[in-house]
Structures are given as structure tokens and as C-alpha cells.
Peer 1: 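Below: one structure in C-alpha cells.
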Amino acid sequence: MIEWSPSKIKAFQETLLAWYDKEKRDLPWRRDHAPYHVWISEIMLQQTQVQTVIPYYERFMAQFPTVEALANAKESDLMKAWEGLGYYSRARNLQRAAQQLVTDHHGVWPTTAEGLRELAGIGPYTAGAIASIAFGQPVPAVDGNAFRVFSRLLEIDDDIAKPKTRSVFEAAIQRMMPADRPGDFNQAIMDLGSSYMTAKNPDSAHSPVKAFNQAYLDGIEDQFPVKTKKPRPVPVDLLALVIRRGDQLLLLKRPNSGLLAGFWTFPMVDVAELQAASERDLVLESDLSRALQKWAMDEFKLALTAIGFTGGQQVTHTFTHRKWRISLVVADLAVDADLSYFPGQWLTPKAVAKTAFPKVQTKLFDQARALKLME
DNA sequence: CATACGTGGTA
DNA sequence: TTACCAAGTAT
């Protein structure tokens with residue numbers, strides 16, 4: 001890692017901000033610096049691309065225009081607004097933070113990064129972003145862009161996948177913050193990171209700050225940032241149950257923590273767990289069918305009959321750490337089946353449009369329709 | 001500290 | 001298809 005003199009820092013600030021004044025992106029959340037607008041956009045932008053966020057942001061602001069509206073929103077409406085964006089705890093934390101603002105802070109925003117950190121879902125990056133953009137505080141906002149940009153500018157070779165590395169970057173960036181325009185500085189770094197100083201195929205030869213890019217000048221730009229790789233998603237085989245009653249389908253509410261927390265999906269069984277719980281190898285469909293019936297009875301006192309394996313191709317869905325491979329299974333409910341132990345509900349076709357579903361469930365709906373199992 | 005947590009885009 | 005990336009946070 002290299003050090004810059006005060007005069008070089010000054011020159012960098014001027015070059016960067018002059019470029020930003022000319023070339024900054026025209027984004028919906030940049031129409032003003034209202035903390036509510038900055039906050040919602042920053043949460044949506046976590047691990048999510050600008051192009052994906054724009055339509056969600058516009059709809060969200062139309063539906064929940066103020067902190068109070070968000071605090072008082074129905075959770076089902078909120079989740080429907082967030083449907084498809086992923087990382088759904090972001091939406092739930094958003095509402096919790098709105099309620100914190102209304103009740104704990106009487107509607108008055110904390111103006112410092114430390115104060116903002118008290119709000120649900122606001123970590124070190126988002127606190128820095130809101131504090132600098134909305135409140136003019138000279139604090140860094142260290143996101144993936146900042147890691148990438150400054151690792152190249154200063155040849156910082158600490159592993160950005162390690163949590164402790166954040167403090168190294170925060171300290172380095174803190175010394176560069178211009179006292180008069182910290183918000184613009186942080187946003188300029190992000191624009192730089194998404195234009196010239198990209199992760200793949202950077203165009204540093206035309207970058208406005210190429211003269212400051214030490215890694216580029218040394219011809220070692222491809223060595224930065226240093227980042228250890230993440231493990232590949234683990235394959236998981238599942239069975240999804242399509243249980244019908246007329247035109248309705250039986251859906252199961254997932255636990256309130258963990259993957260797709262709180263969402264309604266087809267009941268799903270992990271094939272490996274089913275196998276482990278079985279007394280014999282599940283080689284025949286009749287064996288699988290028997291194991292499935294026992295599973296439903298053990299788990300929910302749910303009696304299933306006429307279990308059929310559809311044979312259609314598997315539905316696959318990949319998360320950050322899991323790869324689901326799902327086979328659809330049609331089952332009938334025994335005529336005297338007792339649903340009182342089943343934490344589920346019958347879903348009408350009309351309710352499908354009103355309810356928020358995770359992407360994997362919409363894929364399962366699509367497959368069920370293709371197999372003429374619904375609608 | 002390492003891992004869980006969604007989805008869509010690109011090479 | 002795999003691999004990796006995209007304005008991270010909670011536990």
C-alpha cells in the first residue's frame with residue numbers, strides 16, 4: 001500500500017469531483033438528498049445492480065412516500081413491493097427501522113454514522129452513505145466499489161473478503177474525504193467503480209483518475225482487489241408437493257428465520273433427509289411414495305394418498321450457497337385428512353396475484369401449469 | 001470471524 | 001453450465 005501527500009490528495013479530490021459534476025449518473029434517488037430517499041435507495045442497492053433497483057425504487061416511493069407510511073404499512077404489502085428483489089430481511093429491517101424512527105426518535109433522523117448504526121439493517125456502509133450524502137458528514141462509505149477503486153489506486157493488497165480489512169480502507173479513505181463535499185466524493189467513487197474501474201474489463205486508460213491509479217500505472221491492475229473465493233453452492237435435491245382441492249393449492253408457510261423466511265411455498269421435502277429417515281433405500285417410486293406419506297404424517301399429521309411423480313424436468317434454482325433441484329410430486333389429500341396441525345393455507349388462483357412469492361416458487365407455479373396441474 | 005442470506009447479468 | 005459479480009448486514 002502506498003501513501004499520498006496532502007497535495008496529491010487535494011489534486012485527486014478536484015479531479016474526481018470535476019468529473020463527477022460533469023458525468024454523474026441521473027438516478028431517481030439523486031433528485032434530492034432527503035434521508036428517506038437516500039436510505040431506501042441504499043438498502044435496495046445492497047448486493048443489487050442499479051438497473052434492477054430503479055423500477056423497484058419508483059414503485060416503492062409511490063406506495064410508501066414517507067417514513068410514517070412505511071412504519072404503518074401492512075407487511076404483506078411491503079413484501080409484495082419487495083417481491084423479486086431478494087435478501088428479504090432487508091425489507092423487514094426497513095420497516096423495523098421506520099418504526100424505530102417514529103417511536104424512539106420521534107421522527108427525527110440521527111445525523112451521524114454512529115447514530116444511524118442503531119437502526120435495523122443499517123451497517124457500516126449504509127451508515128456512512130446516509131451520513132455523508134444526506135447530512136454532509138465527512139465519513140467514508142466503503143462498499144464493493146470503494147474496496148475495488150482504492151485497492152487499485154493505493155495498491156492495497158489486504159484481502160477484502162476479511163472483515164478486519166474494512167478498517168484498513170476506512171482509515172485510508174478517511175484521510176481523503178473533502179470536508180465540503182463528502183457525499184459527492186463517496187458517490188463519485190461509486191460511479192467510478194461502475195464505469196471505468198469495473199471488476200471485469202476495466203477501462204483505466206480512459207479513466208479520469210488514471211494518473212492516480214498506481215496499480216494501473218504499474219501494470220498490475222489485474223491483481224487488485226485481493227479477494228478470496230467463496231465456495232460453490234451445494235446441490236440439494238427436493239420434492240415439492242402439489243396438493244389440490246378443486247382449483248386451490250395447499251401452501252406451507254416457511255419458518256420465520258432462515259432461507260426464504262416467512263414465505264408461502266409448496267411443501268418441500270429434502271430427499272436426503274427423506275432417505276435418511278427411511279428404513280430402506282428409496283429406489284422404487286413405491287418406496288418414495290411410502291416415505292413421503294410417512295413424512296407428511298410425522299411432520300404435520302397430514303394424510304396423503306395417490307402420490308404421483310410427474311416426470312417433468314426438474315426445476316432448478318440457485319441461491320448464494322445452495323442449488324435446489326426440485327421434482328414436482330402430485331398428491332391427493334385423504335378424504336378424512338385433518339389440516340388442523342398443518343401450518344398452511346389453501347391458495348386460491350385469485351390470491352396468487354396478491355401474495356408475494358420468492359422466485360423459486362414462481363418457477364414451481366410455472367412448472368405446475370406446464371404439467372396441467374393448475375389453472 | 002465465517003457463514004447465511006436472493007436474484008439477475010455477463011463471460 | 002459454471003464462475004463471479006452487484007451501492008452489505010446480521011449473527
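We name chains A, B, ... by the order of the sequence lines, and we start the count at 1 in each one.
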Peer 1: Please report, rounded to the nearest Å, how far the C1' atom of C:dG8 is from the NZ atom of A:Lys230.
Peer 2: 9 Å
Peer 1: A:Arg92 CZ to C:dT9 P: how many Å, rounded?
Peer 2: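 Value for this atom pair: 18 Å.
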Peer 1: Can you find an N or O donor on one side and an acceptor on the other, under 3.5 Å apart, linking the side chain of A:Thr48 with the base of B:dG6?
Peer 2: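 Such a pair is found, so the answer is yes.
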Peer 1: Reckon A:Arg25 touches a base, only the sugar-phosphate, or nothing at all at heavy-atom distances under 4.0 Å?
Peer 2: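 Here A:Arg25 touches the bases of the nucleic acid.
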Peer 1: In plain terms, say whether A:Asp191 and A:Arg25 are close enough for a salt bridge, that is, a side-chain N and a carboxylate O under 4.0 Å apart.
Peer 2: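 Answer for the salt bridge query: yes.
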Peer 1: Is any side-chain N or O of A:Arg90 under 3.5 Å from a base N or O of C:dA7, one able to act as donor and the other as acceptor?
Peer 2: no
Peer 1: Within the structure shown, what part of the strands sits under 4.0 Å from A:Gln46 by heavy-atom distance: base, sugar-phosphate, or nothing?
Peer 2: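 If one applies the 4.0 Å heavy-atom cut-off, A:Gln46 turns out to touch the sugar-phosphate alone, with no base involved.
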Peer 1: Would you mind telling me which of B:dA4, C:dT9, B:dG8 lies closest to the side-chain atoms of A:Gln49?
Peer 2: B:dG8
Peer 1: Nearest to the side chain of A:Lys162, which nucleotide is it out of B:dA4, B:dA2, B:dG6?
Peer 2: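 Minimum distance to the A:Lys162 side chain belongs to B:dA2.
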Peer 1: Rounded off to whole Å, could you give me the CG-to-P distance for the A:Asn201 and C:dA3 pair?
Peer 2: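 After rounding, the gap between these two atoms is 19 Å.
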Peer 1: I'd like to know if the side chain of A:Gln214 pairs up with that of A:Asp218 as donor and acceptor (distance under 3.5 Å, no hydrogens or angles considered).
Peer 2: yes
Peer 1: Just checking A:Lys363: base, sugar-phosphate only, or nothing, at a heavy-atom cut-off of under 4.0 Å?
Peer 2: nothing
Peer 1: Answer with yes or no whether the side chains of A:Ser207 and A:Arg152 bring together a donor and an acceptor at under 3.5 Å.
Peer 2: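 A:Ser207 and A:Arg152 do not have a side-chain donor-acceptor pair below 3.5 Å.
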Peer 1: Whether A:Lys323 contacts C:dT2 is assessed here as follows: a side-chain N or O lying under 4.0 Å from the phosphate OP1 or OP2. Is that the case?
Peer 2: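 Checking A:Lys323 against C:dT2: at least one side-chain N or O falls below 4.0 Å of OP1 or OP2.
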Peer 1: Grab the NE2-P distance between A:His317 and B:dG8 for me, whole Å please.
Peer 2: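 Distance check: A:His317 NE2 to B:dG8 P gives 7 Å.
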Peer 1: Please work out if A:Ala199 contacts a base, only the sugar-phosphate, or nothing of the nucleic acid, heavy-atom cut-off 4.0 Å.
Peer 2: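 The answer is sugar-phosphate, as A:Ala199 gets under 4.0 Å only of primed atoms, P, OP1 or OP2.
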Peer 1: Check every strand shown and say whether A:Val53 touches a base, only sugar-phosphate, or nothing at a heavy-atom separation below 4.0 Å.
Peer 2: nothing
Peer 1: As a test of reading the structure: which of B:dG6, B:dA4, C:dA7 is closest to the side chain of A:Tyr88, going by heavy atoms?
Peer 2: B:dG6
Peer 1: Using heavy-atom distances to pick each residue's nearest nucleotide on DNA chain C, tell me which of A:Ser41 and A:Ile122 is more 5'.
Peer 2: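 Upstream on the strand: A:Ser41.
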Peer 1: Separation of A:Lys164 atom NZ from B:dC1 atom C1', in whole Å?
Peer 2: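 About 10 Å, once rounded to whole Å.
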Peer 1: Does A:Arg59 count as lying over the ring of A:Tyr56, i.e. NZ or CZ under 6.0 Å from the six-ring centre, within 45 degrees of the axis?
Peer 2: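 Yes, A:Arg59 sits over the ring of A:Tyr56.
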Peer 1: Of the options C:dA7, C:dA3, B:dT7, whose atoms approach the side-chain atoms of A:Arg232 most closely?
Peer 2: C:dA3
Peer 1: At under 4.0 Å between heavy atoms, what does A:Ala120 touch on the DNA or RNA strands: base, sugar-phosphate, or nothing?
Peer 2: sugar-phosphate
Peer 1: Among C:dA7, C:dG8, B:dG8, which nucleotide has an atom closest to any side-chain atom of A:Lys359?
Peer 2: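 Per side-chain heavy atoms of A:Lys359, the pick is B:dG8.
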Peer 1: What's A:Gly84 touching, base or sugar-phosphate or nothing? Going by heavy atoms closer than 4.0 Å.
Peer 2: sugar-phosphate
Peer 1: Name the nucleic acid region contacted by A:Trp82, choosing base, sugar-phosphate or nothing; use a 4.0 angstrom heavy-atom cut-off, strictly under.
Peer 2: nothing
Peer 1: Measure CG/A:Leu259 against C1'/C:dA10 and give the value in whole Å, please.
Peer 2: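 In whole Å, C:dA10 C1' lies 15 Å from A:Leu259 CG.
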Peer 1: In whole angstrom, give the distance that lies between atom CZ of A:Phe147 and atom P of C:dA7.
Peer 2: 12 Å
Peer 1: Are A:Arg322 and B:dG6 close enough that a side-chain N or O sits under 4.0 Å from OP1 or OP2?
Peer 2: no
Peer 1: Parallel, tilted or perpendicular, judged at 30° and 60°: which one describes the rings of A:Phe319 and A:His321?
Peer 2: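 Tilted, since the angle between the ring planes falls between 30° and 60°.
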Peer 1: Just to be sure I understand the rule, does A:Arg30 reach a base, reach only the sugar-phosphate, or reach nothing, if contact means heavy atoms closer than 4.0 Å?
Peer 2: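 Base: the residue A:Arg30, judged by heavy atoms under 4.0 Å, touches a nucleobase.
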Peer 1: Hey, does the side-chain of A:Tyr87 have a donor or acceptor N/O within less than 3.5 Å of a partner on the base of B:dG6?
Peer 2: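 Looking at the base of B:dG6, it does pair with a donor or acceptor on the side chain of A:Tyr87 (distance under 3.5 Å).
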Peer 1: Answer yes or no: is there an ion pair linking A:Arg31 with A:Glu58, defined by an N-O contact shorter than 4.0 Å?
Peer 2: yes
Peer 1: Does A:His321 put a side-chain nitrogen or oxygen below 4.0 Å from OP1 or OP2 of B:dC5?
Peer 2: yes
Peer 1: With a non-hydrogen cut-off below 4.0 angstrom, is A:Leu260 in contact with a base, only sugar-phosphate, or nothing?
Peer 2: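 Sugar-phosphate only.
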Peer 1: Tell me whether the side-chain N or O atoms of A:Thr320 pair up with the base of B:dG6 as donor and acceptor below 3.5 Å, since no angle test is needed here.
Peer 2: yes
Peer 1: Could you check A:Trp264, A:Phe266, A:Phe263, A:Phe365 and say which one makes a ring-ring contact (aromatic ring centres under 6.0 Å, His included) with A:Phe357?
Peer 2: A:Phe365
Peer 1: Reckon A:Pro358 touches a base, only the sugar-phosphate, or nothing at all at heavy-atom distances under 4.0 Å?
Peer 2: sugar-phosphate
Peer 1: If the P atom of C:dA7 is compared with that of B:dC5, how far apart are they to the nearest Å?
Peer 2: 23 Å
Peer 1: Which part of the nucleic acid, if any, lies within reach of A:Leu27 when heavy atoms closer than 4.0 Å are counted: base, sugar-phosphate only, or nothing?
Peer 2: base
